[in-house]
Amino acid sequence: MGLFTPEFGLVFWMFLVFVILFVILAKFAWPAIMNSVDARADFIDKGVSYAQEAKSQLEHATENAQTLIAEAQQKQLEILREAAQMKSQIVEEARQAATVEAKKIIDAAHVSIELAKKEAEQQFRQQVSDFALQIAEKLVRRELEDKKKQTELVDKLLSDIENKN
């Protein structure tokens, strides 16, 4: 069992080397390791805070995006309502303009018909008067064929004129 039980000298030297190594490591290596661990902890803390900040910014951006989408949908509905209202207004204005134009055309047609009617009436009167003159001329020619009838007619007309005056 000599292998498993060390001697006092070996234990002493091992302990001395351990203490020296511990002092050297405690003086030089331990602060560097602790600085590195602290820097890593700070880096991790900063990363966590950045992640939390990014998460809150993402949530805020999501809320903003939803708000913007809702506003855009509201504006879209408003624009569609305005477009429908404008369409109705344009159709109504076109209908009114067409009614006014139709009334103008109808009034112009009435005037044209009235003028044509008056012209036809004037032509009718002219033709009737021409026919009457022709008939009178033929009657007067027939009546005035002989001299005696002519003299009687002239006397009668003269007496009518005297009686009127």
Side-chain angles (χ1 to χ4, degrees), residues 25-26 28-165:
L25 286 177
F28 298 110
W30 189 255
I33 293 171
M34 288 309 290
N35 286 339
S36 176
V37 168
D38 288 340
R40 180 72 177 155
D42 288 342
F43 181 74
I44 290 171
D45 288 341
K46 286 180 183 178
V48 169
S49 67
Y50 287 145
Q52 288 174 346
E53 186 178 325
K55 182 180 177 185
S56 67
Q57 287 179 355
L58 178 64
E59 289 172 357
H60 184 66
T62 303
E63 290 172 5
N64 286 344
Q66 289 174 349
T67 304
L68 290 175
I69 289 171
E71 287 176 7
Q73 288 174 344
Q74 187 69 23
K75 285 185 179 184
Q76 178 186 17
L77 290 174
E78 186 177 319
I79 288 170
L80 288 174
R81 271 190 242 121
E82 287 177 7
Q85 185 178 14
M86 286 177 61
K87 179 187 112 182
S88 298
Q89 183 179 2
I90 289 170
V91 167
E92 186 61 32
E93 287 175 0
R95 184 176 292 130
Q96 289 175 355
T99 303
V100 168
E101 192 64 30
K103 185 169 172 77
K104 285 181 183 179
I105 291 171
I106 290 171
D107 290 344
H110 283 302
V111 169
S112 176
I113 290 169
E114 195 64 35
L115 288 175
K117 182 180 171 184
K118 286 182 181 181
E119 186 178 320
E121 189 176 299
Q122 186 67 27
Q123 286 178 354
F124 179 71
R125 285 185 183 182
Q126 183 67 33
Q127 288 177 354
V128 168
S129 65
D130 286 345
F131 288 145
L133 285 175
Q134 287 175 1
I135 291 170
E137 183 182 340
K138 286 182 183 179
L139 281 176
V140 170
R141 276 192 190 157
R142 192 183 294 154
E143 289 290 321
L144 298 179
E145 282 181 357
D146 94 64
K147 279 275 196 202
K148 186 178 177 185
K149 286 185 179 182
Q150 288 179 5
T151 307
E152 284 177 12
L153 181 62
V154 170
D155 287 338
K156 184 180 175 187
L157 288 175
L158 285 175
S159 66
D160 285 343
I161 291 173
E162 286 177 4
N163 288 336
K164 286 184 182 178
N165 286 335

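Heavy-atom basis, side chains included; hydrogens, waters and symmetry copies ignored.
The environment of E92 atom CD is dense: over 12 non-hydrogen atoms of other residues, nucleotides or ligands sit within 6.0 angstrom.
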N/O donor-acceptor pairs under 3.5 Å from side chains in residues 115-129, not counting sequence neighbours:
| unit_1 | atom_1 | unit_2 | atom_2 | d |
| --- | --- | --- | --- | --- |
| E121 | OE2 | R125 | NH2 | 3.3 |
| Q126 | NE2 | D130 | OD1 | 3.4 |
| S129 | OG | R125 | O | 3.1 |
| S129 | OG | Q126 | O | 2.8 |

Can I get a per-line list of side-chain donor-acceptor pairs under 3.5 Å for residues 30-48, giving both atom names and the distance, sequence neighbours left out?
| unit_1 | atom_1 | unit_2 | atom_2 | d |
| --- | --- | --- | --- | --- |
| N35 | ND2 | P31 | O | 3.3 |

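For residues 63-76, the set of pairs meeting the side chain to side chain donor-acceptor pair (under 3.5 Å) definition, not counting sequence neighbours, comprises H60-N64.
Distance check, rounded to the nearest 0.5 Å: CD of Q89 to CD of E82 gives 11.5 Å.
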Checking salt bridge (charged side-chain N to carboxylate O under 4.0 Å, His left out) for the pair R81/E78: CA distance, chi angles, key distance, verdict?
CA-CA 5 Å; R81 271 190 242 121; E78 186 177 319; 5.8 Å; no

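Between the S112 side chain and the A108 main chain, no donor and acceptor come within less than 3.5 Å of each other.
Just one residue in the list D107, I106, I105, V100 forms a side-chain contact (heavy atoms from CB on, under 4.5 Å) with K103, and that residue is D107.
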